[in-house]
Amino acid sequence: MSQEELLKQIEQLKLENSQLRNELHLTSTKAKPTDSDSNEYPLTLEEYHRYGRQMIVEETGGVKGQIKLKNARVLVIGAGGLGCPSLPYLAGAGIGTIGIVDNDTIDTSNLHRQILHDSEHVGMLKCESAKRYLNKLNPNVNVITYPVRLDNTNAFEIFKGYDLVLDCTDTPITRYLVSDVAVNLGLTIVSASGVRTEGQLSILNFKNIGPCYRCFYPVPPSPNSVSSCSEGGVIGPCIGLVGIMMAIETIKIILDIYNEENFEPFLMQYSAFPKQTMRTFRMRGRKADCKCCGSNPSITKETIESGQINYREFCGSCNYDVCTAEERITVQDFENNYHKIEKKNYLLLDVRPPHHFKISHLPDTFNVPVKTLRNMDGSIEELQKYIPEVNKDSEIIVMCRFGNDSRLATRLLKDDFKITNVKDVAGGFFKYIDDIDQTLPKY
Amino acid sequence: MVKLRVEFLGGLDVVFNKQRTYDLDIPSSGAFTIKDLLDYLVDKMIDNPKDVEVFIEDGTVRPGIITLINDADWELEGELEYEIEDGDVISFTSTLHGG
């Protein structure tokens, strides 16, 4: 067939397609009694008043668009740094049903970014706190809470009945699970993430034609490269902005701004420092060999629910279990047999990064981050640049924030530096604060 | 000689002297591919040999890092075999997971 003939055929098909669409549209509008064609005022007066400012934005499609929002059922997984900024905009816009999945409770350290929660409700379930806020914001919205941790066994039951999922979770393990379940149920995912000063945003499995999380990331990252907000830190408004962008994408999907013809896979990257930048990268399409959304999938409802797909195993985890029981002491031991004694003949080494150490630390402590120790390749001379009196016979007590890096450091000091008398403080500086001295600041 | 810009986003700048953007003039005769660029970055721009594994695994970019050629996923452009042209912007970004 010549190129001309092909083009002609495409034109004919396009025409036929648009005719069919029109017909379909007409039948569906006839069938819906709530539509503006059959009912002059399909919304309540209060709803016209409430949503007026967005309905008069032409792009929303006015009343028709508002009814799409009202009929939409959206599931938000995680009511934290991303869920909090996105939820009130979804509820405010009049999305009819919003589900919230989160089994975590509010901690004071969440409040700088998880703005639906407040100081009076520390300890409350995040999903319930969010529901309180949303009910007050917009009583027209039906908010359903799921105070459970999403897993292989409950995900299908929770996702069933929703049109769209927002992935506001915080580990690759859950991100693969959310994507796999959504693909199997044919749901579009608005997916975002952020840490420190940066964020990323994407639409996955768009109407079952777009790429899924596994198309982007067929191989999981190594566990030691994964940083959470509690480890890496995060600036509240940076992750907040990304959460708000999720709400925008969600509204656009519901309003059919994206469709099968114009949707192009993308990844947005927001960087806040030093200058704020927003980039949109053009991404790969759905991969034919994808294990989940490809032509021959091995990740199905059956293999997920049976546990055959093991997300923990797939993503792996850091192995901190590198010290024997004899190589570790409790914070009580440390307090009674080391810290409290007058004449100190041991060295206290804190292996946290210096910007952590600066916030708070014990007196008479040396600070050498575990990364710096590793870079010394076991050279005592290098270590002496930081701790002049150290030698192979020194007794060293190692501490970090939670007692993970200190175990790795203990191993390095014993095996690489050949220092024989090294002990790790189990649970680290924060455990010491909790159990021994609560006057010290925890962050 | 090929003139290009490389960018390290999503925290990857930590292994490149904490600098996010570099404009490079790399001497080369003939085709200079992404594979050649990776070798160059490892040889000339990662000071600490222990940091190489943060960036490279099994001869290619480590899983969890997205490579972009002029703001497009490298998979759309030929991945390691793509021949870099003057003025190209090659970006590497770590995937973020926090939320």
Side-chain angles (χ1 to χ4, degrees), chain A residues 77-78 80-83 167-175 191-200 211 213 215-222 224-234 239 242-243 265-267 269 271 273-274 277 279-285 287 315 371 374-375 377, chain B residues 5-23 34 42 46-82 88-99:
Chain A
I77 305 158
L82 291 166
D167 186 345
C168 305
T169 64
D170 60 1
T171 75
I173 293 172
T174 329
R175 289 179 181 280
S191 176
S193 58
V195 70
R196 297 187 192 95
T197 60
E198 294 186 280
Q200 289 168 345
Y213 196 69
C215 296
F216 280 7
Y217 313 110
V219 182
S222 77
N224 55 21
S225 73
V226 174
S227 184
S228 69
C229 293
S230 86
E231 293 157 16
V234 60
I239 191 121
V242 182
F266 68 89
L267 177 78
Q269 168 107 21
S271 303
F273 284 41
T277 56
R279 304 266 292 274
T280 304
F281 302 133
R282 197 159 55 87
M283 293 299 289
R284 68 193 67 176
K287 287 173 79 93
C315 294
K371 192 167 184 248
R374 198 173 290 128
N375 287 339
D377 286 319
Chain B
R5 168 171 283 193
V6 286
E7 295 178 310
F8 305 103
L9 311 172
L12 264 186
D13 57 313
V14 291
V15 300
F16 293 93
N17 276 311
K18 294 197 174 173
Q19 188 176 324
R20 292 164 65 94
T21 305
Y22 290 86
D23 289 312
I34 295 284
V42 168
I46 300 181
D47 289 343
N48 184 350
K50 288 190 167 57
D51 284 340
V52 172
E53 63 177 45
V54 177
F55 186 56
I56 299 287
E57 190 178 305
D58 298 332
T60 186
V61 177
R62 187 178 58 70
I65 297 176
I66 296 169
T67 306
L68 302 139
I69 299 167
N70 300 320
D71 283 0
D73 189 345
W74 73 336
E75 205 186 273
L76 303 169
E77 306 286 342
E79 299 190 28
L80 291 170
E81 308 310 320
Y82 173 83
D88 278 353
V89 179
I90 313 297
S91 318
F92 301 93
T93 182
S94 283
T95 310
L96 309 177
H97 304 98

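Just so we're on the same page: letters track the sequence lines, and every chain starts at 1. Just so you know, these numbers use all the heavy atoms, side chains as well, and skip hydrogens, waters and symmetry mates. All values reported here derive from a predicted model rather than from experimental measurement.
For chain B, no part of A:T174 is nearby; none of its heavy atoms comes within less than 4.5 Å. With a threshold of 4.5 angstrom between heavy atoms, B:E53 does not approach chain A through any atom at all. Using a 4.5 Å cut-off between heavy atoms, B:S94 contacts chain A through its backbone alone, with no side-chain atom that close. When heavy atoms are compared at a cutoff of 4.5 Å, B:L68 approaches chain A solely by way of its side chain, counted from C-beta outward. In this structure, chain A has no heavy atom under 4.5 Å from any part of B:N70. Only the backbone of A:T280 comes within less than 4.5 Å of a heavy atom of chain B; no side-chain atom from C-beta onward does. Residue B:I66 touches chain A through its side chain alone, counting heavy-atom pairs closer than 4.5 Å.
With hydrogens and angles ignored, the 3.5 Å screen pairs a side-chain donor or acceptor of B:R62 with a backbone N or O of B:V54. In this structure, the side chain of B:N17 does not engage the main chain of B:Q19 through any donor-acceptor pair within 3.5 Å.
Remark: B:E79 does not engage A:R284 in a salt bridge, criterion side-chain N to carboxylate O under 4.0 Å. For the pair A:E198 and B:R20, the salt-bridge criterion is met [side-chain N within less than 4.0 Å of a carboxylate O].
The side-chain heavy atoms of A:P211 and A:P265, taken from C-beta on, include a pair separated by under 4.5 Å.
Top candidate by heavy-atom pairs under 4.5 Å with chain B, chosen from A:Q269, A:R196, A:E231, is A:Q269. Contact tally against chain B (heavy-atom pairs below 4.5 Å) for A:V226, A:V195, A:L267: the top residue is A:V226. When each of A:S228, A:G194, A:G80 is checked for heavy-atom pairs under 4.5 Å with chain B, A:G194 comes out on top. For the set A:S230, A:S225, A:P218, the count of heavy-atom pairs under 4.5 angstrom toward chain B peaks at A:S225. In terms of heavy-atom pairs under 4.5 angstrom with chain A, the leader among B:A72, B:G11, B:G64 is B:A72. Of the listed residues A:L82, A:N375, A:D377, A:N224, the one with more heavy-atom pairs under 4.5 angstrom with chain B than any other is A:N375.
Within 6.0 Å of CZ in A:R279 there are more than 12 heavy atoms belonging to other residues, nucleotides or ligands.
One distance of note links SG of A:C229 with NE2 of B:H97; it measures 12.0 Å at 0.5 Å rounding.
Note on ring orientation: taking the six-membered ring where Trp is involved, the planes of B:F92 and B:F55 are perpendicular (angle over 60°, cut-offs 30° and 60°).
Using a 3.5 Å distance cut-off with no hydrogens or angles, the side chains of B:Y82 and B:D88 do pair a donor with an acceptor.
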